[in-house]
*Asks:* 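This is the structure, below, for whatever I ask next.
Values below: all heavy atoms of this structure, side chains included; hydrogens, waters and symmetry mates excluded. Each residue takes its place number in the sequence, starting with 1.
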Amino acid sequence: MRFPQLLSASLLILALSSCSSTNRLFKAGLVAPSPFFEQPWLAQNGGEQLPFQKVWTTPDRQVLAEGLKTRKLHIAPVTLAYLRPMSKTLASQEIAWGVQRQEAAIAMRLREEFIAAFRRSPRPFYQLVNKPGPDTLTLQLALIELHPTSPKGNAVMTVLKFAVTPVASLGRFFTKGTIAIEGKVLVSKTGRAYFQFADNESDKLTFINTRDYQPYGHAVNTIRDWAVQYEAMTRSPRGWRVKDSSSVTLRPN
């Protein structure tokens with residue numbers, strides 16, 4: 001690829017990354033709620049203020065009061081009970097070619113990142129505890145969907161980008177992976193839901209990225225974003241915007 005083409009492609013990606021409407025265009029659509037998510041008809045769109053596609057706060061005043069006064073949080077092991085079968089053709093093909101689905105490892109990483117986000121925070125709203133108790137909240141997370149990135153498909157896209165045209169980057173619509181989660185914060189002593197959220201993310205649009213050749217590289221990056229966003233949301237004043245992650249990146253890893 002000639003330098004002017006490479007420069008043009010980089011400028012195109014940069015322009016897309018700075019456009020909020022483009023960010024929404026390339027974001028993954030919300031998946032249907034699983035039975036894990038309680039009263040989904042009461043959930044609201046996160047909109048521009050929150051980093052999750054759907055959020056829900058209990059309409060029960062007693063549960064709300066108990067949740068608001070609690071400052072201790074237990075993060076439970078992630079459940080795979082609601083994980084759906086793969087529906088993307090290329091993702092299924094990658095599994096047939098020998099890629100492991102790794103749902104247990106991803107679930108473990110999901111919990112580890114949420115714990116790490118609170119431990120790294122300069123001023124966490126919650127104190128983490130090792131087990132639920134009468135004065136704690138419990139964060140339960142469910143992995144709902146997990147489609148690996150297609151390394152083989154992205155390798156073909158890379159050849160096309162350099163040998164033919166940078167526009168081939170848009171072909172990653174068919175090769176990208178997705179990951180969807182649901183979260184539920186319970187008042188530990190009663191098991192009543194205080195807050196819920198749901199989100200679905202796909203691989204970021206990029207010109208070239210090492211994660212494109214790792215089945216779960218983008219998924220791990222998304223998990224880290226979710227953890228940081230959730231922790232920031234817990235300590236942000238009501239009405240304060242917690243920025244969502246971009247669907248476009250120029251980072252090579």
Side-chain angles (χ1 to χ4, degrees), residues 33-34 36-39 43 46 49-58 60-83 102-146 179-201 216-245:
S34 78
F36 176 83
F37 199 101
E38 299 180 22
Q39 300 178 320
Q49 296 299 114
L50 298 175
F52 303 109
Q53 292 168 323
K54 289 290 183 180
V55 293
W56 174 102
T57 302
T58 178
D60 188 298
R61 292 185 178 181
Q62 182 177 350
V63 176
L64 182 63
E66 291 175 340
L68 287 172
K69 71 181 181 182
T70 305
R71 293 293 181 271
K72 294 180 181 180
L73 180 69
H74 168 65
I75 301 179
V78 177
T79 180
L80 296 171
Y82 304 92
L83 182 62
Q102 299 183 20
E103 57 263 35
I106 294 297
M108 185 178 298
R109 184 63 178 269
L110 180 58
R111 183 180 187 233
E112 289 173 351
E113 289 294 343
F114 269 72
I115 291 173
F118 280 92
R119 289 179 174 169
R120 289 193 301 258
S121 174
R123 52 182 191 284
F125 184 77
Y126 291 115
Q127 173 191 347
L128 293 187
V129 294
N130 293 325
K131 59 182 180 180
D135 60 343
T136 71
L137 297 174
T138 297
L139 171 61
Q140 295 182 347
L141 296 164
L143 189 60
I144 305 301
E145 290 191 1
L146 181 63
I179 180 171
I181 62 167
E182 292 173 355
K184 183 190 303 184
V185 181
L186 307 177
V187 175
S188 299
K189 67 179 180 181
T190 63
R192 299 282 301 278
Y194 161 62
F195 177 77
Q196 296 181 111
F197 61 94
D199 202 53
N200 179 34
E201 294 284 354
Y216 299 101
H218 284 284
V220 169
N221 195 54
T222 294
I223 286 170
R224 189 176 298 115
D225 286 344
W226 276 331
V228 170
Q229 291 162 358
Y230 177 78
E231 188 281 324
M233 184 179 67
T234 62
R235 57 183 166 85
S236 297
R238 185 177 180 86
W240 191 267
R241 182 185 180 190
V242 179
K243 189 176 180 180
D244 194 5
S245 58

*Asks:* Considering only heavy atoms from C-beta outward, does the side chain of Asn221 approach that of Arg224 to under 4.5 Å?
*Replies:* yes
*Asks:* Considering non-hydrogen atoms only, spot the tightest contact between Glu38 and Ala193 and give its length.
*Replies:*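 Between these two residues, the closest heavy atoms are OE1-CB, 3.7 Å.
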*Asks:* So do the side chains of Val187 and Thr70 get within less than 4.5 Å of each other, counting heavy atoms only?
*Replies:*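 Contact flag for Val187/Thr70 side chains = no.
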*Asks:* Closest approach of Pro51 and Asp199, non-hydrogen atoms and distance?
*Replies:* O-OD1, 3.9 Å
*Asks:* How many angstroms lie between CZ in Arg192 and OG1 in Thr58, if you round to the nearest 0.5 Å?
*Replies:* 6.0 Å
*Asks:* Test of understanding: with side-chain hydrogen bond (donor to acceptor under 3.5 Å, both in side chains), list the residues that count as partners of Lys189, not counting sequence neighbours.
*Replies:* none
*Asks:* Heavy-atom distance under 4.5 Å between the side chains of Met233 and Phe195, does that happen here?
*Replies:* yes
*Asks:* Mark yes when over 12 heavy atoms from residues, nucleotides or ligands other than Gln62 sit less than 6.0 Å from its CD; otherwise mark no.
*Replies:* no
*Asks:* Quick check: are there more than 12 heavy atoms from other residues, nucleotides or ligands sitting under 6.0 Å from CZ of Arg111?
*Replies:* yes
*Asks:* Looking at every heavy atom in both Leu143 and Leu146, which two are closest together, and how far apart are they?
*Replies:*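 Where Leu143 meets Leu146 most closely, the heavy atoms are CD2-CD2, 4.2 Å.
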*Asks:* Is any side-chain heavy atom of Tyr194 closer than 4.5 Å to one of Thr138?
*Replies:*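 Not touching, per the 4.5 Å side-chain cut-off.
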*Asks:* What do the steps show when you test Thr57 against Leu64 for side chain to side chain contact (heavy atoms under 4.5 Å, CB included), and what is the final call?
*Replies:* CA-CA 8 Å; Thr57 302; Leu64 182 63; 3.8 Å; yes
*Asks:* How long is the straight-line distance from CD1 of Ile75 back to CG of Leu137, given to the nearest 0.5 Å?
*Replies:*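 So the gap between those two atoms works out to 11.0 Å.
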*Asks:* Return a table of donor-acceptor pairs under 3.5 angstrom between the side chains of residues 117-129 and protein atoms on other chains or two or more places apart.
*Replies:*
unit_1	atom_1	unit_2	atom_2	d
Ser121	OG	Arg123	N	3.3
Ser121	OG	Glu231	OE2	2.7
Ser121	OG	Arg235	NE	3.4

*Asks:* For Glu113, which residues count as a side-chain hydrogen bond (donor to acceptor under 3.5 Å, both in side chains) partner, sequence neighbours excluded?
*Replies:* Arg109
*Asks:* Looking at every heavy atom in both Ala107 and Val78, which two are closest together, and how far apart are they?
*Replies:* O-CG2, 3.3 Å
*Asks:* Mind checking whether Gln196 and Phe36 have side chains closer than 4.5 Å, heavy atoms only?
*Replies:* no
*Asks:* Closest heavy-atom contact between Gln140 and Leu186?
*Replies:*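 For Gln140 and Leu186, the tightest heavy-atom pair comes out as NE2-CD1, 3.3 Å.
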*Asks:* Nearest 0.5 Å, please: how far is CG in Leu80 from CG in Leu141?
*Replies:*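 Answer for the CG-CG pair, Leu141 versus Leu80, is 11.5 Å.
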*Asks:* Got Tyr82 and Phe37 here, is their nearest side-chain heavy-atom distance under 4.5 Å?
*Replies:* no
*Asks:* Once rounded to the nearest 0.5 Å, what's the spacing between atom CG of Asp135 and atom CD of Glu66?
*Replies:* 12.0 Å
*Asks:* Can you list everything that forms a side-chain hydrogen bond (donor to acceptor under 3.5 Å, both in side chains) with Ser34? Sequence neighbours excluded, please.
*Replies:*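 side-chain hydrogen bond (donor to acceptor under 3.5 Å, both in side chains) check on Ser34 returns Glu182.
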*Asks:* Is the closest side-chain heavy-atom distance between Ile179 and Trp226 below 4.5 Å?
*Replies:* yes
*Asks:* Can you name the nearest heavy-atom pair linking Leu83 to Glu103, along with the distance?
*Replies:*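 For Leu83 versus Glu103, the nearest heavy atoms are CD2-CB, 3.6 Å.
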*Asks:* Residues in salt bridge (Lys or Arg N to Asp or Glu O under 4.0 Å) with Arg71, at least two apart?
*Replies:*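 In terms of salt bridge (Lys or Arg N to Asp or Glu O under 4.0 Å), with neighbours along the sequence ignored, Arg71 is linked to no residue.
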*Asks:* Quick one, Val242 with Tyr230, criterion side chain to side chain contact (heavy atoms under 4.5 Å, CB included). Give me CA distance, side-chain angles, the key distance, then yes/no.
*Replies:* CA-CA 9 Å; Val242 179; Tyr230 177 78; over 6 Å; no
*Asks:* Report the residues that fulfil side-chain hydrogen bond (donor to acceptor under 3.5 Å, both in side chains) with Thr222, sequence neighbours left out, ordered by chain and then residue number.
*Replies:*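 Residues passing side-chain hydrogen bond (donor to acceptor under 3.5 Å, both in side chains) with Thr222: none at all.
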*Asks:* Evaluate the side-chain proximity of Gln53 to Asn200: yes if any heavy-atom separation is below 4.5 Å, no if none is.
*Replies:* yes
*Asks:* Under 3.5 Å, is there a donor-acceptor pair between the side chain of Ser236 and the main chain of Ala232?
*Replies:* yes
